[in-house]
Amino acid sequence: MDLGLKGRWALVCAASKGLGRGCAEALAGEGAHVVITARGVADLLATAEALRARHPGVEVRSVVGDIGTPLGRAAALAACPQVDILVNNAGGPPPGDFRDWDRDAWLAALDANMLAPIELMRATVDGMAARGFGRVVNITSGAVKSPIAVLGLSNGARSGLTGFVAGLARQPRLAAANVTINNLLPGAFDTDRLHKTFAASAAAAGASVADVAAARRAAIPAQRFGSAAEFGAICAMLCSAQAGYLTGQNILLDGGSYPGTF
Ligand code: NAP
């Protein structure tokens with residue numbers, strides 16, 4: 001199916017690696033021009049080069065910066081001639097015990113995982129509505145639906161974003177103008193982030209990283225971790241021309257891990 005994305009401009013935040021990169025790859029594969037961001041220069045430039053080599057027909061721009069800061073967001077927006085597609089993403093907050101988190105720890109999590117996506121939506125959705133097409137995909141976490149105790153900063157900040165999006169997506173001036181806003185909730189995906197959490201859990205439990213990974217894999221009905229490519233493919237589907245009636249949803253991609261019927 002042609003997803004109708006050729007020539008659209010996509011701003012994909014935090015996309016030098018992992019899930020963000022998977023989304024950028026899939027969107028470029030559908031013919032969308034992409035602006036990708038990250039803080040680290042080397043990986044970002046390498047990813048941009050790889051995207052250009054694989055998708056010669058699309059324009060790929062890279063912007064170095066922290067998307068959790070006003071400066072990082074301004075640079076990202078300035079590089080994108082018009083934002084037709086916005087994929088909000090940033091690194092996840094660190095694990096820990098809420099007794100150790102002070103106000104600054106909370107503000108850092110809120111900045112990256114709640115306020116940055118809200119600010120970027122504020123900067124883009126009315127323009128999308130005026131042009132009659134817009135797709136926003138927020139990468140959140142399965143922890144929004146099924147909280148993980150040690151990821152309290154993530155549970156809290158992402159739930160704030162989720163509640164906000166539930167209201168925004170249902171504004172008729174957006175929904176009736178073909179602007180959709182949805183959240184993608186990853187379960188366990190095979191990325192650097194996942195491997196870092198395995199290393200931390202293994203160190204805390206005095207177990208090997210391989211054992212921790214095997215136990216986690218065995219608990220997933222699909223019996224495997226997801227790949228960034230399949231995450232990106234679902235993101236591209238949500239951004240497609242055909243998905244205009246799909247808005248305000250929280251879509252779990254977790255290989256069947258969430259145990260509820262709904
Ligand atoms: P990843 O493999 O560590 O990649 C993170 C990417 O984001 C990198 O390109 C990183 O580059 C960039 N980045 C991080 N913080 C940034 C910032 N403040 N500004 C700009 N770029 C930034 O992580 P991932 O697994 O793809 O995870 C993406 C998101 O999904 C995270 O929020 C994570 O918590 C969430 N999630 C992941 C999983 C999973 O299983 N992988 C599960 C649930 C939720 P730089 O470091 O160079 O900036």
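Order of appearance sets the numbers: ligands from 1, and atoms from 1 within every ligand.
- D84 contributes no side-chain N or O that, together with a main-chain N or O of F133, makes up a donor-acceptor pair within less than 3.5 Å.
- Between H33 and W9, the ring-plane angle classifies as tilted under the 30° and 60° cut-offs.
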Next item on the list: Any chance you could lay out the salt bridge (charged side-chain N to carboxylate O under 4.0 Å, His left out) test for D2 and K6, step after step, and finish with the verdict?
Entry: CA-CA 9 Å; D2 177 357; K6 280 186 192 66; 3.8 Å; yes

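- Remark: ligand 1 and T37 share no N or O pair separated by less than 3.5 Å (distance only, no angle test).
- Less than 4.0 angstrom separates some heavy atom of D66 from each of these atoms of ligand 1: 17 (C), 18 (N), 19 (N).
- Set against the non-hydrogen atoms of G65, the atoms of ligand 1 under 4.0 Å away are 19 (N), 20 (C).
- Inter-residue side-chain proximity for M121 and L161 is flagged as met; some heavy-atom pair is nearer than 4.5 Å.
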Check: Please walk me through it: do D254 and K145 pass salt bridge (charged side-chain N to carboxylate O under 4.0 Å, His left out)?
Finding: CA-CA 11 Å; D254 69 352; K145 217 167 145 73; over 6 Å; no

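- Looking at K196 next to ligand 1, no N or O pair under 3.5 Å apart turns up.
- A salt bridge between R52 and E25 is absent, with no side-chain N of the basic residue lying under 4.0 Å from a carboxylate O of the acidic one.
- In terms of protein heavy-atom proximity, atom 46 (O) of ligand 1 is nearest to R39 NH2, 2.9 Å.
- Across the listed options C23, A143, A38, A38 owns the non-hydrogen atom lying nearest to atom 21 (N) of ligand 1.
- Under the 4.5 Å side-chain criterion, counting only non-hydrogen atoms from C-beta, D102 is not in contact with W106.
- Taking a 4.0 Å cut-off on heavy atoms, A228 fails to register as neighbouring ligand 1.
- Proximity of L44 to ligand 1 is not established, as no heavy-atom distance is less than 4.0 Å.
- A donor-acceptor contact shorter than 3.5 Å is absent between the side chain of T180 and the backbone of T247.
- At a 4.0 Å cut-off, not a single heavy atom of A112 sits close enough to ligand 1 to count as contact.
- Taking any N or O of F189, backbone or side chain, at least one lies under 3.5 Å from an N or O belonging to ligand 1.
- Residue R158 touches ligand 1 through its side chain alone, judged by heavy-atom distances below 4.0 Å.
- Contact annotation for atom 5 (C) of ligand 1: protein absent (non-hydrogen atoms, distance under 4.0 Å).
- If you number the atoms of ligand 1 from 1 as listed, the ones under 4.0 Å from a heavy atom of S16 come out as 8 (C), 9 (O), 11 (O).
- T47 and R21 are linked by a side-chain donor-acceptor pair at a separation below 3.5 angstrom, with hydrogens and angles left out of the test.
- Residue contacts with ligand 1, taken as heavy atom pairs separated by less than 4.0 Å, involve N89 solely via side-chain atoms from C-beta onward.
- Scanning the protein heavy atoms around atom 23 (O) of ligand 1, the nearest turns out to be R193 CB, 3.3 Å.
- No donor-acceptor pair closer than 3.5 Å links the side chain of N89 to the backbone N or O of I139.
- Taking only nitrogen or oxygen atoms, main chain and side chain alike, A90 reaches within less than 3.5 Å of ligand 1.
- Atom numbering of ligand 1 starts at 1 in the shown order; those under 4.0 Å from a heavy atom of D192 are 2 (O).
- When each atom of ligand 1 is checked for a heavy atom of I139 under 4.0 Å away, the hits are 30 (O).
- Residue L194 approaches ligand 1 through these ligand atoms, each under 4.0 Å from one of its heavy atoms: 40 (O).
- Residue-to-ligand polar distances place G92 within reach of ligand 1: an N/O pair is separated by less than 3.5 Å.
- Given atom 19 (N) of ligand 1, the protein heavy atom at minimum distance is I67 N, 2.9 Å.
- Counting heavy atoms closer than 4.0 Å to ligand 1, residue A188 contributes backbone atoms (N, CA, C, O) but none from C-beta onward.
- Interface of G40 with ligand 1, defined as ligand atoms under 4.0 Å from a residue heavy atom, comprises 45 (P), 47 (O), 48 (O).
- Close approach of ligand 1 to L19 is summarised as follows: ligand atoms under 4.0 Å from at least one heavy atom of the residue are 26 (O), 30 (O), 37 (C).
- Among protein heavy atoms, the minimum distance from atom 24 (P) of ligand 1 is reached at T191 OG1, 3.7 Å.
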Notebook entry, point to check: Going through the distances and angles, do F189 and F225 end up as a ring-ring contact (aromatic ring centres under 6.0 Å, His included)?
Noted result: CA-CA 5 Å; F189 277 80; F225 303 122; 9.4 Å; no

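- The protein heavy atom nearest to atom 15 (N) of ligand 1 is G91 N, 3.0 Å.
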Note to self: Under the criterion side-chain contact (heavy atoms from CB on, under 4.5 Å), I'd like the reasoning laid out for V87 against C235: C-alpha separation, chi angles, the key distance, then a yes or no.
What the structure shows: CA-CA 8 Å; V87 179; C235 174; 3.9 Å; yes

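- Between atom CE of residue M114 and atom OG1 of residue T162 there is a gap of 9.5 Å, rounded to the nearest 0.5 Å.
- Looking only at heavy atoms of the protein, atom 12 (C) of ligand 1 is closest to A14 CB, 3.5 Å.
- Partner of L86 under the side-chain contact (heavy atoms from CB on, under 4.5 Å) criterion, chosen from V136, I181, V137, V125: V136.
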